[in-house]
Amino acid sequence: MMVIMGPRYPYRCGLIGNDILRRFNVTLNYDKSEIFLQPNTHFAEPFDYSYSGIELYLIDGMILVGDVAKGSPAEAAGVLEDDGSHGVNHNFDLNLNAYKIALRCPVRRIKIIDP
């Protein structure tokens with residue numbers, strides 16, 4: 001079992017691309033080189049971001065770790081790319097979305113149960 005915790009990690013890095021664009025209606029005025037962003041109904045929703053520093057994939061009925069971000073809590077806990085998992089916290093049902101939701105919390109300890 002590995003425990004991942006890192007309350008400062010999400011404030012230092014992260015990808016914003018699609019999650020920012022999802023929150024705004026975007027208008028591009030090429031002639032004047034202008035971009036207009038108008039907040040939409042998704043503006044106040046929480047970001048879909050894993051504060052642990054890992055990507056998770058469901059492959060052939062197994063939860064596998066993809067990329068592990070440098071300097072992340074996952075790297076500090078010794079998580080490696082291609083590591084497998086039987087569960088996160090008390091969830092053992094291989095529901096990838098539930099795992100991702102558990103990894104969104106920036107100040108909570110996460111337990112990854114090794115196979």
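Applying the ring pair (Phe, Tyr, Trp, His ring centres under 6.0 Å) test to residues at least two apart or on different chains, the pairs with a partner in residues 20-42 are F24-F43.
None of L80, D82, I54 except one satisfies the side chain to side chain contact (heavy atoms under 4.5 Å, CB included) rule with V68; the exception is I54.
The line from OG1 of T27 to CD of Q38 is 8.5 Å long, rounded to the nearest 0.5 Å. One distance of note links CG of L21 with CG of N40; it measures 10.5 Å at 0.5 Å rounding. With rounding to the nearest 0.5 angstrom, the CG atom of N29 is 5.0 Å from the CD atom of E34. Distance CG/L64 to CD/E55: 12.5 Å, rounded to 0.5 Å. Residue T41 holds its OG1 atom at 8.0 Å from CG of N25, rounded to the nearest 0.5 Å.
Summarising the local packing, CD1 of I35 is surrounded by 12 or fewer heavy atoms from other residues, nucleotides or ligands at distances under 6.0 Å.
Taking all atoms of both residues into account, the shortest heavy-atom contact from G53 to S72 is CA-CB, 3.6 Å.
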